[in-house]
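All remarks here apply to the structure that follows.
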Amino acid sequence: MIPLNIIREKTDWVIERLAVKNFKAADTIHAICELDDKRKETQKSMDGKLAEANALAREIGILYKSGKAAEADQMKQQSATLKEEARVMSEQLATLQNELNALHVTLPNLPHESVPIGKSAEDNQIVKEEGGIPELPENAIPHWDLATKYDIISWELGSKVTGAGFPFYKGQGAKLQRALINFFLEEGISAGYGEIQPPLLINEDSGFGTGQLPDKEGQMYHCTVDNLYLIPTAEVPITNIYRDVILRAQDLPIKNIAYSNCFRREAGSYGKDVRGLNRLHQFDKVEIVQIANPEKSYEILEQMVEHVSNLLRKLELPFRILRLCGGDMSFTSALTFDFEVWSAAQKRWLEVSSVSNFESFQANRMKLRFKDENGKTQLAHTLNGSAMALPRIVAALLENNQTDEGIRIPAALQKYTGYSMIVQNR
RNA sequence: GGAGAGAUGGCAGAGUGGUCGAUUGCGGCGGUCUUGAAAACCGUUGACCUGAAAGGGUCCGGGGGUUCGAAUCCCUCUCUCUCCGCCA
């Protein structure tokens, strides 16, 4: 959530900035300000009543002790009145607070000043493009056919046992998955990230903390019996470690990396977008998360972008980096860079990573703070990025590296796969 | 799943109805001493709301109740520990 004091102090500016995300905020913002005024007023008068009641209770105590019970009994009536008044006000206060919150949570994060204006993915800004686009022979085929040809992924078994979007990985395919996971983790650990294995189910508070709830409830698998959600990304459990925590300035930045399965319902997608590995309900991802001092967060965002770039270079995949426009950014992000790899047989770019700075938006929701150099507690910044999501990397590796002899594995990956080529009939 | 015990400030640990937001120890921070450090000694040290400030209010796992007054009593939920059962 955008901190309330910013909404109060820079009201017009907030409305202006949210317009970049194509969000018309004026009515909501003004309603919030009004409710906040009422809230303060009510709180003040309630505090006054409570202060009187407290003073009275103290007096009554003293009177009883000194044996003046009759006098004390008289004062009880007065106290009851005060208490009733305070109770009414506290109910009003709760109502106001609820109304205010309900509006507050509907506001998306403020976009960073560098975010381009735009409505959709077409308005994203290409920051950089790297690596040559490979020329494939005439008989090149897309990854879903390659996967079947080499018997490394079974779509049919997935549909049979679970449903579409839940493939089985087999043999060299399963080993490739494991190799990529290890590769990404080891690269991250070398870059100073601490490895964590999180739970795959999270509770409601955690879903709220990182912003999946209440906004994107339908995107997550929900175990209603226990009211737990399957994680859509390791970002959720890893960031929520620091929910309701006050860190010390010297603890920052905190750098964590986690491999996890990710589960997404992806309601409403169809067609070529979901073919093969392009979009799955369950997939593997290695995620990097940082908790940062606000002064350093954009520097850190750059470092994370560089980290992901290096992974793609080592995998010898052509990629481009996009600066997302206001209309294509997520609800929670202040600035996002997307990474796309070229999938040579499909002849299209596939998103494989998204690196974002959330500034204090998540931190405010989950009360993640730190004590700065002056001993003041303030909200930290949170950042995260995929480093990386496996399926589309696999798609690009398969398609781009297909040869008549088999599928070539990039050198950097071979020590993890234990083989240099995916071949038939193993 | 069954039985019992417990949840207090960064940690440890007092406090069982009345100036308790909370004794004390450790840790942290500042200082004295020292060439420097350690030790010792002195001081300081929770969060949130409101307020220019002084001040006021709220918070002793969460929620509700009893009472003039609750960390302290009652109800309820969650979590932790011990024992039993089950189990990768």
Side-chain angles (χ1 to χ4, degrees), chain A residues 1-9 32-101 103-105 197-209 213 223-229 237 240-252 254 261 291 360 362-380:
Chain A
M1 292 187 285
I2 304 169
L4 195 56
N5 61 326
I6 293 180
I7 296 177
R8 295 314 309 255
E9 284 159 26
I32 286 176
C33 291
E34 246 174 71
L35 284 167
D36 191 45
D37 285 337
K38 279 190 208 159
R39 199 202 91 236
K40 283 185 186 178
E41 213 176 282
T42 311
Q43 168 108 43
K44 254 198 236 173
S45 20
M46 186 185 80
D47 284 355
K49 295 293 177 192
L50 288 174
E52 277 185 63
N54 285 344
L56 213 54
R58 234 169 282 147
E59 277 182 59
I60 292 172
I62 292 165
L63 287 174
Y64 271 123
K65 273 198 170 166
S66 50
K68 299 174 182 166
E71 279 180 58
D73 286 338
Q74 279 186 333
M75 294 173 84
K76 282 190 188 179
Q77 181 53 42
Q78 211 180 329
S79 175
T81 313
L82 283 171
K83 197 187 158 189
E84 175 57 18
E85 285 172 335
R87 191 190 60 78
V88 171
M89 288 179 194
S90 118
E91 274 173 21
Q92 287 171 353
L93 196 64
T95 309
L96 288 167
Q97 188 70 63
N98 285 342
E99 287 173 20
L100 197 157
N101 278 343
L103 291 176
H104 198 175
V105 298
Q197 281 193 23
L200 303 181
L201 288 138
I202 47 115
N203 60 28
E204 238 174 309
D205 285 346
S206 297
F208 179 81
L213 294 175
C223 305
T224 50
V225 182
D226 300 294
N227 198 24
L228 295 173
Y229 295 85
N240 272 285
I241 292 172
Y242 305 97
R243 171 151 51 82
D244 289 319
V245 168
I246 301 178
L247 297 158
R248 299 171 304 174
Q250 67 261 37
D251 295 333
L252 302 176
I254 290 178
N261 298 114
I291 315 292
S360 60
Q362 293 180 328
N364 191 33
R365 284 177 159 242
M366 65 173 90
K367 295 196 176 22
L368 194 188
R369 294 163 295 178
F370 74 102
K371 241 190 227 312
D372 66 20
E373 296 71 16
N374 306 318
K376 243 192 101 188
T377 32
Q378 54 166 305
L379 294 169

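Residue numbering restarts at 1 for every chain, and letters A, B, ... go by the order of the sequence lines.
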Whole-Å distance between [N] [atom2] and [X] [atom1]?
X        : N      : atom1 : atom2 : value
A:Met75  : B:rG18 : CE    : P     : 19 Å
A:Arg87  : B:rG69 : CZ    : P     : 13 Å
A:Arg248 : B:rC29 : CZ    : C1'   : 12 Å
A:Asn227 : B:rU78 : CG    : C1'   : 13 Å
A:Leu82  : B:rG69 : CG    : C1'   : 13 Å
A:Lys76  : B:rG18 : NZ    : C1'   : 13 Å
A:Ile62  : B:rG69 : CD1   : C1'   : 12 Å
A:Leu228 : B:rU78 : CG    : P     : 13 Å

Of all the choices, [options], which nucleotide is nearest to the side chain of [X] once you look at every atom?
X       : options                : value
A:Arg58 : B:rU19, B:rG56, B:rG18 : B:rU19
A:Tyr64 : B:rC68, B:rG56, B:rU50 : B:rC68
A:Ile60 : B:rG57, B:rU50, B:rC68 : B:rC68

Taking the same atom, [atom1], in [N] and in [M], what whole-Å distance lies between them?
N      : M      : atom1 : result
B:rC29 : B:rG18 : P     : 38 Å
B:rC49 : B:rU67 : P     : 33 Å
B:rA14 : B:rC26 : C1'   : 15 Å
B:rG15 : B:rU24 : C1'   : 11 Å
B:rC60 : B:rC11 : C1'   : 16 Å
B:rU34 : B:rU23 : P     : 34 Å
B:rG1  : B:rC86 : C1'   : 8 Å
B:rA37 : B:rG31 : P     : 11 Å

Please determine whether a side-chain nitrogen or oxygen atom of [X] lies at a distance below 4.0 Å from atom OP1 or OP2 of [N].
X       : N      : answer
A:Thr81 : B:rC68 : no
A:Asn54 : B:rU58 : yes
A:Lys83 : B:rU67 : no

Tell me whether [X] contacts the main-chain N or O of [Y] through its side chain, where contact means a donor paired with an acceptor under 3.5 Å.
X        : Y        : value
A:Thr81  : A:Gln77  : yes
A:His104 : A:Pro3   : no
A:Asp244 : A:Lys367 : no

Report the base-pairing partner of [N] (Watson-Crick or G-U wobble, both distances below 3.5 angstrom), or none.
N      : result
B:rA5  : B:rU80
B:rC86 : none
B:rC29 : B:rG43
B:rG21 : none
B:rC73 : B:rG65

Task: Axial cation check for A:Phe370 ring with A:Arg248, 6.0 Å and 45° limits - done: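 Not satisfied by the 6.0 Å and 45° rule.
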
Task: 5'-most by nearest nucleotide on RNA chain B - A:Ala53 or A:Asp47 - done: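 This one resolves to A:Asp47.
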
Open item on the list: Judged by each residue's nearest nucleotide on RNA chain B, which is more toward the 5′ side, A:Lys44 or A:Ala57?
Closed with: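 Its nearest nucleotide being more 5', the pick is A:Ala57.
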
Task: Residues touching RNA chain B, which here means a heavy atom under 4.0 Å, drawn from residues 365-372 of chain A - done: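 When residues 365-372 of chain A is checked for heavy atoms under 4.0 Å from RNA chain B, the hits, listed by number, are A:Arg369, A:Lys371.
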
TODO: Inspect the contact between A:Asp36 and A:Arg39 and indicate whether a charged nitrogen and a carboxylate oxygen are less than 4.0 angstrom apart.
DONE: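 Salt bridge present between A:Arg39 and A:Asp36.
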
TODO: Would you kindly say whether A:Asn203 and A:Ser206 are connected by a side-chain donor-acceptor distance under 3.5 Å?
DONE: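 Yes, A:Ser206 and A:Asn203 have a side-chain donor paired with an acceptor closer than 3.5 Å.
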
Task: Side-chain donor-acceptor contact under 3.5 Å, A:Asn240 with A:Arg243 - done: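 Yes, side-chain donor-acceptor contact under 3.5 Å.
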
- [ ] Mind checking A:Leu50 for me? I need base, sugar-phosphate or nothing, with any heavy atom below 4.0 Å counting as a touch.
- [x]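 Contact class for A:Leu50: sugar-phosphate only.
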
- [ ] Would you indicate whether A:Glu41, at its atom CD, is surrounded by more than 12 heavy atoms from other residues, nucleotides or ligands within a distance under 6.0 Å?
- [x]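 No, not enclosed.
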
Task: Atom CD of A:Gln197 with >12 non-hydrogen neighbours under 6.0 angstrom - done: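 Counting other residues, nucleotides and ligands, CD of A:Gln197 stays at 12 neighbours or fewer.
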
